[in-house]
Amino acid sequence: MTQEPGQLGLVLTGGGARSAYQVGVLKGIAELLRRGSACPFPIITGTSAGAVSAIALASDAAHFRRSVRAIERVWREFRVHHVFKADALSMIKSGLHWFLAFLTGGWLVRPPHALFDNAPLWDLLRRHLHFDGIPRSLYKTHLQAIGINATCYADADSVTFFAAVPEAGPWHRVYRKGVRATLTLDHVMASLAIPFLFRPVSLSDAYYGDGAMRQTSPLSPAILLGARRLLIIGVNDPAPTDATPRPPVVEPTFSQMFGFMLDSLFMDTLNANLERINRYNESPGMRPIDTLLITPTRDVNEVARRHLKELPRALRTLLHVLGAHNSANSLLLSYLLFERGFTQALIEMGYQDAKARAAEIREFLQLEQAQQYGA
């Protein structure tokens, strides 16, 4: 069967520091293509940290391997201070700000906008993301659509800001819509603005936050942009087996509850959406939507625990106070551990998982029939 143009989509979910795993999978996919090949995904959507890789791929869609290498270089050298201010002085100032705002009821000292100041991430992405390459990728037909998902605080809609060929139009669904836009760093930072952790971003008409918050159908934007076959790279842990020992019953810490909230934010809707698509595919007369999901084969939390000491001392102390100091409470840690030891381990995990499923990926992507472009 010949691959129809524009029907293959890549969906990159959110996951904070866990998204380094996606980089490893992309690296494994890149090695399945001939050198100089274009991006095999004409439709790309990204949410939260996945939005960063989505933009990088779309802006250099004519050279897939080169764009993946550029993403990998950043993730391999990540440090927490590249993402948010985590030095002792910044953490003390943040703590004092919260304390004084609480003490004065917000009258003398206004409540902080977020727990962390992510100005370093603005600077990092401003240097490494090149949005002017997106129109070129669309013009040269290496790309059909790129969508970045964010959540509007004004109307509680999940909004997909997209750049695409003229045939792709906006959409309106219940609490979901697609808006054609000239994509900028503001759109990416809005998608990255995890509630409470990072400050919301103003985009012309309203404030926006992390794209996963109201995203009840994370696969829908790629489908509405024209994709009928989706490769999804998630970052959730393998499903527990019956042999997994049950932890002792103890009251959850703040860290554990916040970690579960992030897990629900980034993971649960994806699994539910896949179930809906499977039921849709079973309906008679429907044009099927094929999916291939790639997720970690090992426990990401366990990897995070091994790299805990790489965090800045002030942040490590804060996480300890919140309860993220043992195996039961390490979920939050795995989302915030932007340190190169951890990100390199996840890149390698993703790369090995992609290699192990190389035959499956090659068949799904029909790589032998994909267009090849010279470097």
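Along the sequence shown, residues carry numbers from 1.
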Only counting residues at least two apart or in another chain, list the ones meeting ring-ring contact (aromatic ring centres under 6.0 Å, His included) with [X].
{"X": "F131", "result": "none"}
{"X": "F342", "result": "none"}
{"X": "W171", "result": "F162"}

Residue pairs, two or more places apart or on separate chains, that pass salt bridge (Lys or Arg N to Asp or Glu O under 4.0 Å) and touch [range]:
{"range": "residues 55-71", "result": "D60-R66"}
{"range": "residues 155-164", "result": "D155-K177, D157-K177"}
{"range": "residues 8-17", "result": "none"}

Which residues pass the side chain to side chain contact (heavy atoms under 4.5 Å, CB included) test with [X], not counting sequence neighbours?
{"X": "H81", "value": "R79"}
{"X": "S19", "value": "Q22, A49, W75"}
{"X": "E72", "value": "V23, K27, R76, I347"}

So, [X] and [Y]: side-chain donor and acceptor under 3.5 Å apart, yes or no?
{"X": "S217", "Y": "R276", "value": "yes"}
{"X": "R18", "Y": "N301", "value": "yes"}
{"X": "Q344", "Y": "E348", "value": "no"}

- What pairs of residues pass the side-chain hydrogen bond (donor to acceptor under 3.5 Å, both in side chains) test when at least one of them lies in residues 41-58, not counting sequence neighbours? T47-N149, T47-Q215, S48-D210
Tell me whether [X] contacts the main-chain N or O of [Y] through its side chain, where contact means a donor paired with an acceptor under 3.5 Å.
{"X": "R228", "Y": "Q7", "value": "no"}
{"X": "D353", "Y": "T297", "value": "yes"}
{"X": "S137", "Y": "G133", "value": "yes"}

[X] versus [Y], closest heavy-atom pair with distance:
{"X": "M349", "Y": "P296", "result": "SD-CB, 3.7 Å"}
{"X": "L225", "Y": "A168", "result": "CD2-CB, 4.3 Å"}
{"X": "L333", "Y": "A304", "result": "CD2-O, 3.7 Å"}
{"X": "S158", "Y": "R214", "result": "CB-O, 3.4 Å"}
{"X": "L143", "Y": "P42", "result": "CD1-O, 3.5 Å"}
{"X": "S59", "Y": "A56", "result": "OG-O, 3.1 Å"}

Heavy-atom check, side chain of [X] versus side chain of [Y], under 4.5 Å:
{"X": "S191", "Y": "T151", "value": "no"}
{"X": "E339", "Y": "P312", "value": "yes"}
{"X": "L124", "Y": "F78", "value": "yes"}
{"X": "L125", "Y": "I55", "value": "no"}
{"X": "F64", "Y": "P40", "value": "yes"}
{"X": "L293", "Y": "L270", "value": "yes"}
{"X": "Y21", "Y": "V300", "value": "no"}
{"X": "V25", "Y": "Y351", "value": "no"}

- When you look at CZ of R199, are more than 12 heavy atoms from neighbouring residues, nucleotides or ligands closer to it than 6.0 Å?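 No, the 6.0 Å shell around CZ holds no more than 12 heavy atoms from other groups.
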- Message: Under 4.5 Å side-chain heavy-atom separation, chaining through any Ile, Leu, Val, Met, Phe, Trp or Tyr, what else clusters with Y175? Say none if it is isolated.
- Response: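 V174, all in the cluster of Y175.
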- Run the side chain to side chain contact (heavy atoms under 4.5 Å, CB included) check on L274 and L219 step by step: do they pass? CA-CA 8 Å; L274 283 169; L219 306 182; 3.7 Å; yes
Value rounded to 0.5 Å, distance of [atom1] in [X] from [atom2] in [Y]:
{"X": "I223", "Y": "N273", "atom1": "CD1", "atom2": "CG", "result": "6.5 Å"}
{"X": "L231", "Y": "L292", "atom1": "CG", "atom2": "CG", "result": "5.0 Å"}
{"X": "R362", "Y": "L32", "atom1": "CZ", "atom2": "CG", "result": "5.0 Å"}
{"X": "I277", "Y": "E275", "atom1": "CD1", "atom2": "CD", "result": "11.0 Å"}
{"X": "L10", "Y": "L26", "atom1": "CG", "atom2": "CG", "result": "6.0 Å"}
{"X": "K355", "Y": "I29", "atom1": "NZ", "atom2": "CD1", "result": "14.5 Å"}

- side chain to side chain donor-acceptor pair (under 3.5 Å) with R126: which residues, sequence neighbours excluded?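 For R126 the side chain to side chain donor-acceptor pair (under 3.5 Å) partners, ignoring immediate neighbours, are D123.
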- Query: When you look at I233 and T13, which way does the side chain to side chain contact (heavy atoms under 4.5 Å, CB included) test go after all the steps?
  - Reply: CA-CA 7 Å; I233 309 179; T13 66; over 6 Å; no
- Message: Please evaluate residues V201 and W122 with respect to the criterion side chain to side chain contact (heavy atoms under 4.5 Å, CB included), reporting the C-alpha separation (whole Å), side-chain torsions for both, the decisive distance (0.1 Å), and the verdict.
- Response: CA-CA 11 Å; V201 175; W122 281 87; 3.9 Å; yes
- Message: With a 6.0 Å cut-off on the ring centroids, do Y153 and Y207 count as close?
- Response: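 They do not qualify: ring centres at least 6.0 Å apart.
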- Can the ring centres of F196 and F116 be said to be less than 6.0 Å apart? no
- Task: Decide side chain to side chain contact (heavy atoms under 4.5 Å, CB included) for D290 and F364; before the verdict, give the C-alpha distance in whole Å, the side-chain angles of both, and the deciding distance to 0.1 Å.
- Result: CA-CA 9 Å; D290 295 330; F364 185 82; 3.9 Å; yes
- Would R305 and E302 count as a salt bridge (charged side-chain N to carboxylate O under 4.0 Å, His left out) if you check the C-alpha gap in whole Å, the side-chain angles of each, and the deciding distance to 0.1 Å? CA-CA 5 Å; R305 288 191 291 272; E302 176 60 36; 2.5 Å; yes
